[in-house]
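The model shown is predicted, which means the values in this text are computed figures rather than measured ones.
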Amino acid sequence: MAKKKPPAKKSARPTKSAAQKSASRAKPSRKPNPAPKKAPPPKNPPAPKAKSPPAKKAPPPPKAKPSPRTKPSPKPSPLSAWLSGPYAKAVGKAPERKKSFRTTSGGTVRPVYSPEDVAPALDARLGLPGDYPFTRGVQPTMYRGRFWTMRQYAGFGTAEESNKRYRYLLQSGQTGLSVAFDLPTQMGRDSDHPRALGEVGKVGVAIDSIDDMSTLLDQIPLGKVSTSMTINSTASILLAFYQAVAEKQGVAAADLQGTIQNDILKEYAARGTYVYPPRPSIRIITDIFAYTAKVMPKWNPISISGYHIREAGSTAVQEVAFTLADGISYVEAAEKAGLDVDEFAGRLSFFFNAHNNVLEEVAKFRAARRLWARIMKDRFKAKDPRSWMLRFHTQTAGSMLTAQQPENNVVRVTLQALSAVLGGTQSLHTNSRDEALGLPTESSALLALRTQQIIANESGVADVIDPLGGSWAIEAMTDEIEGKAVEYIEKIDAMGGMVEAIDKGFVQREIQDAAYAWQRQVEDNDHVVVGVNAYKTVDPPVTVMRVDPALEAAQVARLKAFRAARDGTAAKQAVDAVRAGAKGTDNLMPLILAAAKAHATMGEISDAMRDVFGEYRETVVV
């Protein structure tokens, strides 16, 4: 088990939104109130009737006003009466199976929820699907119009091997590509670099040149299929390769649809595939924002990723808070570079994790959508409603997969995928049952895709928009996650923003503490993981996919042949132009595209910027 979960924490103070402040003032106590005291008799009782002589009847004296101390208290609510009565009696006879029930973020899970647990003005916080604040979804029809994009993350070995897997998945009903790159590609090293030895093609596909990209996308219609590329430090180079290959296919850049992850801040905090220091990295990101807005208007220039933050051990609240804080930093950087917020914000996308706690995960997705809408509208004064929308991709939790009893992972993935659909995701990847052991086999990848197709076509959950909306439990959890995320963002703002918070080690420390607490819960059996610390069995042998070591030698030979066949002088001149551009302030994307078309390699282009920007050295947090 790689995943680590947080400790049981006391609930943070309520969110500072007006609605929740109101709720804290208005929420009645659940403790039964004492019986009302009887008011004392009047001090001046009426005088007795006179017998003679007859006289006019004296007016009755005024009634004595009861003292504030004797004012009757309101009757306890039905919920309070139930908690102090039948529920308390049942717990007294047979204690519950846990001393306390908590979410992964440390929030208290109540035994039952009622309107008392939801802040006033819920309708204003909900809105309707497709309307601000998008709590219920970013589209008016959601999955009644069309299903989410089913996008299985794949890539291994050489471009030829990965191309076969992509075409197989597309033929099996997948509706979008998701490309995994190997570590040398992610770190800006060609396959023949000494540091690439032993890593070529292992955790993704090796892409060294425009020729590799052309092979990877062979017979895939780029004008019809959207492609997601999980690439960060070298995202500008891989995007340039993709555009150049598409143009060779006859597809204009303006018609390309897809996403590059391009989220460097979470690499410093959680994942580790960084090359350049933060500020030049953010300069490249804003160059991509400006470039795609003009040249590739259908392309998402970033996928601001909480997925890897959660995989590193964060709680659900931290995933939302740190992801949106990253987003704030990118928007601020783009505005500082001279971009108008409505020029690029409508193409920002997000990437979240789907964990096992279904109710908390559904609430998390809804809270993130609502909070981002408020941030963009109120903080950045965006005017275009598309700029307020949080559109996101979801991947099921790799860290929740177990090597023990791997067949159980099918059930885990199904629950996680269900939470993403109930939470309104725009696209989804479902992990394969054997990914805790190695790369997924073809049959496992197909079963993972079939899981999505069954949820879409057979469960009925896609027929109702935001089907859990209005549930008192879901709405209370949504409010709580939003409120706690706001508190984190305010702390980060006080530090000077996300770059400074990462430099100080704040974000890394918060994630590490949560990860440690989760692992302790598992090891102390406070949290059951089936097959790991309970219900153990002896597992039968499992077939694990292995990348043929010979593929690395083949990729290196291919790269050397590519260099030998190109115009070396033209490639060098194009690389020198990138280096010169990095020293200036002009947009780097046209220069990188020209270098890609001149057959410069990925490593050569990356090294040109490395020469100017330097390399990042990690902030060690203990």
Checklist line | Heavy-atom closest pair, residues A514 and S314 | finding: CB-CA, 4.2 Å

Next item on the list: Test H355 against S419 for side chain to side chain contact (heavy atoms under 4.5 Å, CB included), laying out the working first.
Entry: CA-CA 8 Å; H355 262 236; S419 75; over 6 Å; no

Check: So, are K491 and E487 salt-bridged, with charged N and O less than 4.0 Å apart?
Finding: no

Margin query: Would you compute the distance between atom OG1 of T230 and atom OH of Y153 and round it to the nearest 0.5 angstrom?
Written below: 4.0 Å

Notebook entry, point to check: Would you say D342's side chain and A382's backbone share a donor-acceptor pair under 3.5 angstrom?
Noted result: no

Note to self: Taking OH in Y535 as the centre, count heavy atoms belonging to other residues, nucleotides or ligands within less than 6.0 Å. Is the count above 12?
What the structure shows: no

Item checked: Note, N533 side chain near D524 side chain (heavy atom, < 4.5 Å) -> no

Notebook entry, point to check: Within the side chain of Q508, is there an N or O that forms a donor-acceptor pair under 3.5 Å with the backbone of I502?
Noted result: yes

Notebook entry, point to check: Rounded to the nearest 0.5 Å, what separation is found between the CG atom of L177 and the CG atom of L222?
Noted result: 8.0 Å

Checklist line | Any side-chain heavy-atom pair of P301 and F344 under 4.5 Å | finding: no

Note to self: Test side chain to side chain contact (heavy atoms under 4.5 Å, CB included) on R366 and E475; report intermediate values, then the result.
What the structure shows: CA-CA 9 Å; R366 300 169 87 250; E475 299 303 346; 3.0 Å; yes

Checklist line | Heavy-atom donor-acceptor pair, D117 side chain to S114 backbone, under 3.5 Å | finding: yes

Item checked: Nearest-0.5 Å distance, CD of residue Q416 to CE of residue M400 -> 8.0 Å

Next item on the list: Compare all side-chain heavy atoms of Y113 with those of M477 and state whether any distance is below 4.5 angstrom.
Entry: yes

Checklist line | Side-chain touch Q261/K266, heavy atoms, less than 4.5 angstrom | finding: yes

Checklist line | Any pair counted as side-chain hydrogen bond (donor to acceptor under 3.5 Å, both in side chains), so long as it reaches residues 446-461, sequence neighbours left out | finding: W148-Q452, Q152-Q452, T430-Q452, R450-Q453

Notebook entry, point to check: Do S329 and I282 touch side chain to side chain, with heavy atoms closer than 4.5 Å?
Noted result: no

Item checked: Any donor-acceptor pair under 3.5 Å from D255 side chain to G223 backbone -> no

Next item on the list: For residues I309 and A270, report the shortest heavy-atom separation together with the two atoms involved.
Entry: CA-CB, 3.9 Å

Note to self: Looking at Q395 and H429, would you say the former's side chain and the latter's main chain have a donor-acceptor pair under 3.5 Å?
What the structure shows: no

Note to self: Between T175 and M150 (side chain of the first, backbone of the second, donor and acceptor by atom type, cut-off under 3.5 Å), is there such a pair?
What the structure shows: yes

Checklist line | Minimum heavy-atom distance F365-N353, with the two atoms named | finding: CZ-O, 3.6 Å

Check: Side chain of Y307, backbone of T396: donor and acceptor closer than 3.5 Å?
Finding: yes

Item checked: Expected output: side-chain Q257 to main-chain K298 donor-acceptor under 3.5 Å -> no

Item checked: Identified side-chain hydrogen bond (donor to acceptor under 3.5 Å, both in side chains) partner of E482 from the options K364, R370, R125 -> R370

Next item on the list: For S105 and V317, work out which heavy atoms get closest and say how close.
Entry: OG-N, 3.0 Å

Margin query: Using side-chain heavy atoms (C-beta onward) and a distance below 4.5 Å, is W299 in contact with I260?
Written below: yes

Item checked: Donor-acceptor under 3.5 Å (N409 side chain, R433 main chain) -> yes

Notebook entry, point to check: Will you find, in the side chains of T104 and N357, an N or O donor that is under 3.5 Å from an N or O acceptor?
Noted result: no

Item checked: Donor-acceptor pair between R391 and S349 side chains, under 3.5 angstrom -> no

Margin query: Going by ring-ring contact (aromatic ring centres under 6.0 Å, His included), name the residues that satisfy it together with Y330, two or more places apart in sequence or in a different chain.
Written below: none

Checklist line | Parallel, tilted or perpendicular: ring planes of W388 versus F134, cut at 30 and 60 degrees | finding: tilted

Checklist line | Value rounded to 0.5 Å, distance of OG in S77 from CD in E116 | finding: 3.5 Å

Item checked: Min side-chain heavy-atom separation I455-L428 under 4.5 Å -> no

Next item on the list: List the atom of F350, the atom of L324, and the distance in Å for their closest heavy-atom pair.
Entry: CE2-CD2, 3.8 Å

Notebook entry, point to check: In terms of heavy-atom contacts, does CZ of R379 have more than 12 from other residues, nucleotides or ligands at under 6.0 Å?
Noted result: yes

Next item on the list: Compute whether any side-chain donor of one residue and acceptor of the other, for T402 and R412, lie under 3.5 angstrom apart.
Entry: yes

Next item on the list: Look at the rings of F506 and F322 and say which category their plane angle falls in: under 30° parallel, 30 to 60° tilted, over 60° perpendicular.
Entry: perpendicular

Notebook entry, point to check: Hey, what do you get for CD (E343) to CG (D384), rounding to the nearest 0.5 Å?
Noted result: 12.0 Å

Next item on the list: Compare every heavy atom of Y168 with every heavy atom of L446, then report the nearest pair and how far apart it is.
Entry: CD2-OH, 3.2 Å

Margin query: For the backbone of A333 and the side chain of T286, can you confirm whether one donor and one acceptor N or O come within less than 3.5 Å of each other?
Written below: no

Note to self: Between E510 and Y488, is there a side-chain donor-acceptor contact under 3.5 Å, judged purely by atom types and distance?
What the structure shows: yes

Item checked: Worked check of side chain to side chain contact (heavy atoms under 4.5 Å, CB included) between W372 and M389 -> CA-CA 7 Å; W372 184 249; M389 296 179 186; over 6 Å; no

Check: Which residue pairs pass the side-chain hydrogen bond (donor to acceptor under 3.5 Å, both in side chains) test when at least one of the two sits in residues 126-141, sequence neighbours left out?
Finding: R136-D466

Item checked: Between R151 and S228, a side-chain donor and acceptor under 3.5 Å -> no

Next item on the list: Find the distance between CD1 (I264) and CG (D326) and round it off to the nearest 0.5 Å.
Entry: 10.5 Å

Notebook entry, point to check: Do V138 and L390 pass the side chain to side chain contact (heavy atoms under 4.5 Å, CB included) test, and can you show the C-alpha distance, the side-chain angles, and the key distance before you say yes or no?
Noted result: CA-CA 7 Å; V138 294; L390 183 144; 5.6 Å; no

Check: With a 4.5 Å limit on heavy-atom distance, are the side chains of I328 and M498 in contact?
Finding: no

